[in-house]
Asker: 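Pasting a structure here, questions to come.
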Number of protein chains: 2
Amino acid sequence: MTGPDAFSALVPITQPRVASERVGEQLRMLIASGNIAAGEKLPSENELARALQVSRPVVREALRGLSMMGIVESRQGGGCFVTDLDPKRLMEPLSFYLQLRDYSMDELFRARQLIDSGIAGDAARNATADQRTRLIELARLGKELVDDPVGFRVLDAQFHGLISEASGNAFLLSVSNSLYSLAIDLRRKASEMPGVLTQSAADHIAIAEAIRDASSDGASRAMGRHVDHIRATTSLVAKIGIRDAS
Amino acid sequence: MTGPDAFSALVPITQPRVASERVGEQLRMLIASGNIAAGEKLPSENELARALQVSRPVVREALRGLSMMGIVESRQGGGCFVTDLDPKRLMEPLSFYLQLRDYSMDELFRARQLIDSGIAGDAARNATADQRTRLIELARLGKELVDDPVGFRVLDAQFHGLISEASGNAFLLSVSNSLYSLAIDLRRKASEMPGVLTQSAADHIAIAEAIRDASSDGASRAMGRHVDHIRATTSLVAKIGIRDAS
DNA sequence: CTTGACAACCTGTAAGACAAGTTTCATCAT
DNA sequence: ATGATGAAACTTGTCTTACAGGTTGTCAAG
């Protein structure tokens, strides 16, 4: 190894060799760049085939690939549409990866701890007065919902969403939402265990108060502890849940 | 808003209605469960079609979808193989999602500071001996490339990639890579300013040494300073670069 | 035993056909 | 004039056939 070989890094993404993947890549770029908006209807398969100078099966394979990734959605007779591009949908392919390795759950919690702690710290710095009071309200409301798992989960989503919003960082918000939706099924099971919601409600209050007091470090630490608690109960559920998988 | 609407969470995944997605789902489960190992060769498209009682185009669409997700890989004439299931490949949907919105420079740098610092800390804990020595090598090599912007950028990418890999967290690796590629065009311009690369090379050495010494906090702080330096020079370039944007 | 050509096989692409569902629009009845 | 009805056009879903381009394995000649 004499020096860095420039050629290996010069082509970071190997451009798909086969036609259908090139077509898929092109469509994906059109969507990512905003030329085709979410929910918009795509041209018909025949039109795309004509425009791209390929056969219809090639277009179909490309669309099917995008469909499996949750980017587009085809309705028989109706046409092909870009989905709402919701994180929940787009993160679903990643659940395959989570099935592959049992320790991947740890990766997600480590990521969540890092990012959510940072977000909480930023929220303590940047939140508006309205957001601070609303957070306190939500946290107090949570204490009354510890016996209502469904209601608490909705409130929990609002609480975390509001903190992400208050942090003023759209990118971290995206990442945090992705993590949240990846773990949401496990969270649903965990929230039915006794004591879990009581702990979460207490955590929420600590976080909300730290943000209210503009204590950046305090908010970070409180959020870190919160994620720790969630990790503990969730990994427990994950272990138990193996045997009663359908 | 009276109460939480439970129905939105009641149907987490809709099972694929079309044949090709059912086929894809089935193959994916075979791979996730280990019945088909990584690197293994799949039956030919015709065999799969016969076995699954569908036509070849259906099988092809399914395989193409899995191929776009990085789960399988087809070679013309050679057959279809399961990939090595490398996390880097499987996390690709995440980078597409992060490309969707346009983020401000400040958001990206704040995110990068948070995530790369965390990654550096993890790398100091989890890196193998080989990775530590290789990092030192790369950092030292960088000092000799401060007059070669192109070469330095290649090495810089390798350096950051190796740290992400050493952290052992595929999710954060993917996020970090996305951040890196989102800012790469500005970085190209910045790396041609005098002094920038000298600073970066020094930063790299500090980071590599902290990771070598398994100093988690030190690596985090060194990376944080590094991102700060990059932010300073890059934002300068961004201001200047506005007028000669194509 | 090595080497080279050939045959069998596999994926890549194209084109055509029909089924099933949706949308649109014109027609008919009110 | 307006609303409902139904047919026609369009779109996706699937199957079939065909051939080109590439790989792999075999077998015979050297």
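No hydrogens, no waters, no symmetry mates; every other heavy atom, side chains included, goes into these values.
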Asker: What is the distance from CG of Asn46(B) to P of dT11(C), rounded to the nearest Å?
Answerer: 7 Å

Asker: Starting from P on dC15(D), measure out to CG on Leu48(B) and report it in whole angstrom.
Answerer: 14 Å

Asker: How many whole angstroms separate atom CE of Met68(B) from atom P of dG12(C)?
Answerer: 12 Å

Asker: In terms of the nearest nucleotide of DNA chain C, which residue is placed more toward the 5' end: Val54(A) or Gly77(A)?
Answerer: Val54(A)

Asker: Looking only at side chains, do His160(A) and Asp116(A) share a donor and an acceptor under 3.5 Å apart?
Answerer: no

Asker: Could you check how far CD of Gln53(B) sits from C1' of dC15(D), rounded to whole Å?
Answerer: 14 Å

Asker: Mind checking if Arg60(B) touches a base, just sugar-phosphate, or nothing, with heavy atoms under 4.0 Å?
Answerer: base

Asker: Indicate, yes or no, whether a donor-acceptor pair under 3.5 Å links the base of dG13(D) to the side chain of Gln76(A).
Answerer: no

Asker: Is any side-chain heavy atom of Leu63(B) closer than 4.5 Å to one of Cys80(B)?
Answerer: yes

Asker: Using whole Å, what does the distance between atom P of nucleotide dC10(C) and atom CZ of Phe81(B) come to?
Answerer: 12 Å

Asker: Can you tell me the distance, in whole Å, between the CZ atom of Arg50(A) and the C1' atom of dG16(C)?
Answerer: 16 Å

Asker: To the nearest Å, how far apart are Glu45(A) CD and dT12(D) P?
Answerer: 5 Å

Asker: May I ask you to check whether Ser178(B) and Gln99(B) show a side-chain donor-acceptor distance below 3.5 Å?
Answerer: no

Asker: On DNA chain C, check which nucleotide each of Lys41(A) and Cys80(B) is closest to and give me the residue with the more 5' one.
Answerer: Cys80(B)

Asker: Between dG13(D), dT13(C), dT12(D), which nucleotide gets closest to the side-chain atoms of Ser44(A)?
Answerer: dT12(D)

Asker: Which residue, Leu63(A) or Pro57(A), contacts DNA chain D at a nucleotide closer to its 5' end, judged by nearest heavy atom?
Answerer: Leu63(A)

Asker: Is there, by distance only and without an angle test, a donor paired with an acceptor across the side chain of Arg56(B) and the base of dG12(C) below 3.5 Å?
Answerer: yes

Asker: For Arg75(B), does the CZ atom have more than 12 heavy-atom neighbours from other residues, nucleotides or ligands under 6.0 Å away?
Answerer: no

Asker: Given dG12(C), dT13(C), dC15(D), identify the nucleotide with an atom nearest to the side chain of Ser55(B).
Answerer: dC15(D)

Asker: Does a side-chain heavy-atom distance below 4.5 Å link Leu173(B) with Ser167(B)?
Answerer: no

Asker: Could you state the atom-to-atom distance from CD of Glu73(A) to C1' of dG13(D) in whole Å?
Answerer: 16 Å

